[in-house]
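Just so you know, these numbers use all the heavy atoms, side chains as well, and skip hydrogens, waters and symmetry mates. So that the names make sense, note that chain A is the first sequence line, chain B the second, and so on, each numbered from 1.
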Amino acid sequence: MSKELAKTYDPAGIEDRLYRKWMEKGYFHAEVNPDKKPFTIVMPPPNVTGQLHMGHALDETMQDILIRFKRMQGFEALWQPGTDHAAIATEVKVTEKLRSEGIDKNEIGREAFLEHAWAWKKEYGGKIINQLKKLGASADWDRERFTMDEGCSAAVQEVFIRLYEKGYIYKGSRIINWCPVCQTSISDAEVEHEDQNGFFWHINYPIVGEEGRFVEIATTRPETMLGDTAVAVNPEDERYKDLVGKMLELPLTGRTIPVIADAYVDREFGTGCVKITPAHDPNDFEVGKRHGLEEINILNDDATINSLGGKYAGMDRYEARKAIVADLEKLGLLVKVVPHSHSVGTHDRCGTTVEPMIKPQWFVRMDEMAKEAIKALDDGRLQFVPERFDKIYLHWLENIKDWCISRQLWWGHRIPAYYCEECGEMVVAKEKPKMCPRCRAEKLRQDEDTLDTWFSSALWPFSTLGWPEKTPEMEYFYPTDVLVTGYDIIFFWVIRMVFSALEQTGEVPFHHVLIHGLVRDELGRKMSKSLGNGIDPLEVIDQYGADALRLTLMTGNAPGNDMRFSWKKVEASRNFANKIWNASRFILMNLEGKECVRPDDLQDLCLEDKWILSHLNSVVREVTENMEKYELGIAVSKVYDFLWDEFCDWYIEIVKTRLWNYDENKKAGGEALWTLRTVLTEALKLLHPFMPFITEEIYCTLLPEEESIMIADWPVYRPEYDFPEAASAVDCMKEVVRGIRDSRISMQVPQNRKTNVFIVTSGEKDARMYEAVSPAFGNLAFAKEFHVQNDKTGIGTDAVSIVVSNAVVYLPLEDLVDREKETERLEKEKERLSKEIARCEGMLNNPGFVNKAPEQKVAAEKAKLEKYKEMREKVLAQLSHLA
RNA sequence: GGAGCGUUAGCUCAGCUGGGAGAGCACUUGCUUGACGUGUAAGGGGUCAUAGGUUCAAGUCCUAUACGCUCCACCA
C-alpha cells in the first residue's frame, strides 16, 4: 500500500508480488525440527497434465487454510505437494495428440510413446502447479513430488514385491471390466453404472431331442449367446425341474448346452431361465465355476466378435446384436421383445460401455487388509469429518472385492514381473533377473502391463516422505494429520491409502479425513466439460482476486455438503475485501504523522477501546475453536462479522472524534490509534488463512517493522484484554444509539439537526455508567450534549422517549415530534414487551421449568422478566404522558 | 434392493453439544458526514416439509410419511 491509496482494493497488482515474496523468503518450506511439533497435510496430487477446476480450488483452499493456521500456531507445518501421472487420463491425451499429428501409438511402439508422454509431462506438468500458486497455496514446493519419480517408483516396486511375497498380490484369469475403447482392464471403482433403456429379448432355445419344445430365456445382451455354455434354472423351481440335465440346442452356433440348476437364478425374474455366459458376465462366471462350465470368450479387445463367432465374426458387438436378433426372428426363435430399463456399466473416463471379460490380470487380495482398515476406523485412529462418511467407508470395505491392478497401458509403473521366454517361469523382482531361476535360460521379458494409477497414489502419504527409506521426514512428519478431499474420491483413494499405509507402515496415513462436497453451478448441476458449465477458478481470480474466490468457497458451507457457485457470492466476497481494505486505509491515513500510544496500564483505555478488545478476545477464542474442529465456514463468518459489524460499523465510528481531536488530546487519539491498529492486525491474523494476500498487504503496511503476517503468531486469548464492564457499557450505549436512530427516522428528523440527549436512569450505578460511556457516542447519537440524570428536569414537553434496558432516553425534538407517530411507536414497543413478558411468565409459571431447568436458566428468565416489566412500566408512563 | 443427504426469509445457504429464528444477495425507505455507494442507517419478509414421540423446553434428539438429490448393489 502506498501513501496514495486506491479507493478500491485491486488484487491484481498485489497477489503475484506477495506470492513471490513468500517463495523467496522460504516460508512454505518445512524442515524436520525437533523444537516444534509437526503438522502435516499431503496434497491430493492433481493430474500432472490437468487443469485447475473449482473442485481443486475448494480442496486446496481448505488445505491452505489449515496449514497456514497451524503454521501460525507454531507448528512445523508441512504441506506436501505433487502431481499424479494419472495413467489412463494422460495416456488418452497423449494418444490423441499423437493421432492429431498423424502418429499411431501402436506403430511407434512403447518406448517412443513413453518419450512423447514424458515430453508432454514436461511441457504441461507445471501448469497446474502454477495455477495452485495463483490461488495462494502455501505448499512446500521444494518437496514437490511426482508419482512416477524415482522415489515414488521405488516405493511402488517395494510394495508390489512385498505384497506379492506375502501372497496378497496374485496373477489370475478372472472376470474383469474391460474398456473396449481404452483397451484396458479397469477396476470396479472405475465403472459407473447408469440406467439405460434397452430391451429384453425373449429367445427360445430348442430342447435337444424334443421336437417343438423350447426353453425360453430372456436377455438384454443377445449377442453374448454366442458364448453361452449353459442355461440355468432355480433348483426349487417346479416348472423346470424336469429340464435339469437336458441338453439344449444353442441357436446360430450348432453347439448344444446343458440345463443346470443353480440357486443364483431368481424364479420371479424374467422367464426363470437364465442363459449362462461365463466369459462375459460376472455372475455367470461364478455359476460357471460352480458347475465347471466352459468359458468361451467371443469378443476381441475392441469388442468386435472374434473368430469363434462364426458368421458374426468381425462385427461390432451392437452390429452383431442386430444381426443375431434378425436371424433369430427368421428362425422363429424370437418370442418377443420387451422394453426394459437396466443398469449398464460404463467406463468413468470415456463413457464406453464396459464388457466383462476373462483376462489374465494382477489382483490385490483385499480381505485381510480391509479388516485392518475397518479396525482403524472402529478404534478411532482414523476419523472422518463429518462422521457420516464412516458408513460409506465401512460399507465399501465390508463388500470389497479383490482389486484389479494391472492395466494394459504404457504410461505408468510397469509391473515388476519377468517371464522366462523358454519355460515361462515368472519372477517378481526389482531388477530383471540375469537368468531364469528354473531353466537358467537368459532370455526374460518383463510383464507388459502397468499398474492402476491409484496403486501409486495409495502410497502417497509415505512415499513422498521417503519411504521405504527410514528418513528423518518419515520419522517426524508421519503419520500425517489430516487429509482433505471430496467424498467422490473416498473409494478410489482414501480407502486405498489407509490399507496400504497400515500394511506397509503399521500406522494410519492420517488421523482425520476432512471431506468436502462438490462445487456445483448456479443451477445446482455438476460442473462438467460436456455441459460446458464449468467456471474457471483462474477467471474468477483474474476478475476478483484469489482472496475473494477463497472466501466465496469457504462461506456458508458445512463440511461434506455440496455448494453452488455464483458470481453474486464472489461479489459479496470482493466487497468484504474492499471493506477491510478501506478500513485499513482509514487507519493508515490517521496514523500519518501521529503516534500510537499503548498506555502502561490498559485499564486507562477508554471504554470503547476496552469493549472492542474484549470483543476481539472472544472472537479469537471462538474462531480458534472452530478452526480446530474444522468448522472453517463458521470460523470465517465470525471474523467477517467482527470486522465489518463491530470493528468498522461501531468502533471506527465511535473513535472518529478522538482522531479528529488528536492535536488537542494526543493521549486519547493515540490510544485510539493503538487500539485500531492492534485490533485490526489481530483480526487480520485470524483472517489470514482465508484471505492470505490482502491480509499480508495490509499487515505489512500497518506494521512496517514486521516481515510477514504468515509467520506472525496466531492470536490467543489475553486476560488483559478482558473488560466485561466496559463491554457491557458499550453494549448498553449501542442500544441507546439504535433507539435514537430509529426514532429520528420515524420522526423524519433531518440529519444535520442535533439534539440534546437526556438519559434518565433510576440507579446511581447506571447513571455513572452512562456518564462514562455516552460522551464517545456524540456523533452516532446526533447529540449536542448528553444529560444523564434521574428525573425529567429540563427535557421539556415535546420529547421523543426511547425505553432501553436500564434507562429512558429523551430527545427533545419539540416541533418535530409527531404525537401520533410517537404513540404508535410506543404502542408497538409495549406490545413487544408484553409478548416477552408473557413468554417469561409462561416459563416461570411452569413448575416443570422451575424445578427441572438448570438454576442458571431460571435465574436468567427471572431477571429478564424483571427487566421487561420495568421497561413496560416506562413505556406505559410515556404513553399516558402523551395522551 | 440397500445406504446416506437434503427440505429454515423471494434466492443461495449457516445454525456446534436442545434454552428467546441468522447471514449474504434481492426488496423498501433515508443518507453528496473528510475509509469505503464494492458504502451507510432503518426496515419488511419464516406455523424451520408433514404427523407423531422424548423433554420443563425441539429447527436442533427419536419414529414414521411426502418430495428432491446422491452413492452403493450381479437382478439375467
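Contacts of Asn561(A) with the nucleic acid, taken as non-hydrogen atoms under 4.0 Å apart, involve only primed sugar atoms and P, OP1 or OP2. As judged by a 4.0 angstrom heavy-atom cut-off over every strand, Ile587(A) is placed among residues making no nucleic acid contact. Gly272(A) comes within 4.0 angstrom of a base, heavy atoms only. Among the protein residues, Phe491(A) comes within range of the sugar-phosphate backbone only, with heavy atoms under 4.0 Å from sugar or phosphate atoms but none that close to a base. Glu861(A) comes within 4.0 angstrom of no nucleic acid atom, judged by non-hydrogen atoms across all strands. Using a 4.0 Å heavy-atom cutoff across all strands shown, Lys656(A) reaches at least one base atom of the nucleic acid.
For Ser573(A), the side chain to side chain contact (heavy atoms under 4.5 Å, CB included) test picks out Ala548(A), Leu551(A), Thr552(A), with sequence neighbours left out. The side chain to side chain contact (heavy atoms under 4.5 Å, CB included) test applied to Lys828(A) returns no partner, not counting sequence neighbours. Applying the side chain to side chain contact (heavy atoms under 4.5 Å, CB included) test to Gln543(A) and every residue at least two apart in sequence or in another chain returns Glu539(A), Trp567(A). Among residues two or more places apart in sequence or in another chain, the ring-ring contact (aromatic ring centres under 6.0 Å, His included) test is passed with Trp650(A) by none. Listed by chain and residue number, nothing satisfies the ring-ring contact (aromatic ring centres under 6.0 Å, His included) test with Trp660(A) (two or more places apart in sequence, or in another chain). A search for ring-ring contact (aromatic ring centres under 6.0 Å, His included) contacts involving Phe384(A) returns Tyr393(A), not counting sequence neighbours. Scanning for ring-ring contact (aromatic ring centres under 6.0 Å, His included) contacts around Tyr630(A) gives His512(A), with sequence neighbours left out.
Between Arg388(A) and Thr219(A), it is Arg388(A) whose nearest contact on RNA chain B lies nearer the 5' terminus. In terms of position along RNA chain B, the nucleotide closest to Lys864(A) lies nearer the 5' end than the nucleotide closest to the other residue of the pair His342(A) and Lys864(A).
A side chain to side chain donor-acceptor pair (under 3.5 Å) check over residues 271-282 of chain A, counting only residues at least two apart or in different chains, returns the pairs Thr224(A)-Lys275(A), Asp228(A)-Lys275(A), Asp228(A)-Thr277(A), Lys275(A)-Thr277(A), His280(A)-Asn297(A).
Separating the NZ atom of Lys638(A) from the C1' atom of G24(B) is a distance of 18 Å, rounded to the nearest angstrom. Residue Glu223(A) contributes atom CD, which lies 14 Å from atom P of A76(B) at whole-angstrom precision. Rounded to an integer number of Å, the gap from Asn283(A) CG to C74(B) C1' is 3 Å. For the pair Phe389(A) CZ and G4(B) C1', the interatomic distance rounds to 9 Å; values are reported in whole Å. Rounded to an integer number of Å, the gap from CG of Asn557(A) to C1' of C16(B) is 15 Å. Rounded to whole angstrom, the span from the CG atom of Leu518(A) across to the P atom of C5(B) amounts to 17 Å. Spacing between atom CG of Asp641(A) and atom P of A23(B) amounts to 9 Å, rounded to whole angstrom units. Here the C1' atom of nucleotide A76(B) and the CD atom of Glu286(A) are 15 Å apart, to the nearest Å.
Closest to the side chain of Ala583(A), out of C75(B), C31(B), A35(B), is A35(B). The side chain of Met589(A) lies closest to A35(B) when the candidates are C31(B), A35(B), C16(B). Of the candidates C71(B), C16(B), C75(B), C75(B) carries the atom nearest the Asp266(A) side chain, counting heavy atoms from C-beta on. Taking only side-chain atoms of His193(A), from C-beta outward, the nucleotide of A76(B), C74(B), G19(B) with the closest atom is C74(B).
The side chain of His340(A) places an N or O atom within less than 4.0 Å of a non-bridging phosphate oxygen (OP1 or OP2) of A76(B). Applying the 4.0 Å criterion to OP1 and OP2 of C36(B), one finds that Lys7(A) has a side-chain N or O inside that range. Within the 4.0 Å cut-off from OP1 or OP2 of G4(B), at least one side-chain nitrogen or oxygen of Lys391(A) is found.
Formation of a donor-acceptor pair under 3.5 Å by the Thr229(A) side chain with backbone atoms of Glu295(A) is not found in this model.
Note on ring orientation: taking the six-membered ring where Trp is involved, the planes of Phe647(A) and Tyr651(A) are parallel (angle under 30°, cut-offs 30° and 60°). Ring orientation note: the planes of Phe269(A) and His340(A) are nearly perpendicular, at an angle over 60° on the 30°/60° scale.
Taking every heavy atom of residues 547-556 of chain A and every atom of RNA chain B, pairs under 4.0 Å involve Gly556(A), by number.
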Using side chain to side chain contact (heavy atoms under 4.5 Å, CB included), reason through Leu549(A) and Tyr544(A) one step at a time and then give a plain yes or no. CA-CA 7 Å; Leu549(A) 173 61; Tyr544(A) 293 93; over 6 Å; no
For RNA chain B, what string of dots and brackets results from 5' to 3' when Watson-Crick and G-U pairs need both distances under 3.5 Å, crossing pairs get [ ], and pairs with another strand get |? (((((((..((((.....[..)))).(((((.......))))).....(((((..]....))))))))))))....
Between the protein and nucleotides 39-42 of chain B, are there any N/O to N/O pairs under 3.5 Å, and if so, what are the atom names and distances?
| from | atom 1 | to | atom 2 | distance (Å) |
| --- | --- | --- | --- | --- |
| G39(B) | OP1 | Asn575(A) | ND2 | 3.3 |
| G39(B) | O3' | Lys579(A) | NZ | 3.0 |
| U40(B) | OP1 | Lys579(A) | NZ | 2.8 |
| U40(B) | OP1 | Trp644(A) | NE1 | 2.4 |
| U40(B) | OP1 | Asp649(A) | OD1 | 3.1 |

Below 3.5 Å is the cut-off: list the nitrogen or oxygen pairs between protein and nucleotides 55-58 of chain B, distance only.
| from | atom 1 | to | atom 2 | distance (Å) |
| --- | --- | --- | --- | --- |
| C56(B) | OP1 | Lys852(A) | NZ | 2.1 |
| C56(B) | O2' | Asn846(A) | ND2 | 2.6 |

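On a pure distance criterion of 3.5 Å, no polar donor-acceptor pair joins the side chain of Arg564(A) and the base of U12(B).
For Lys656(A) and Glu653(A), the salt-bridge test passes: some basic side-chain N is under 4.0 Å from an acidic carboxylate O.
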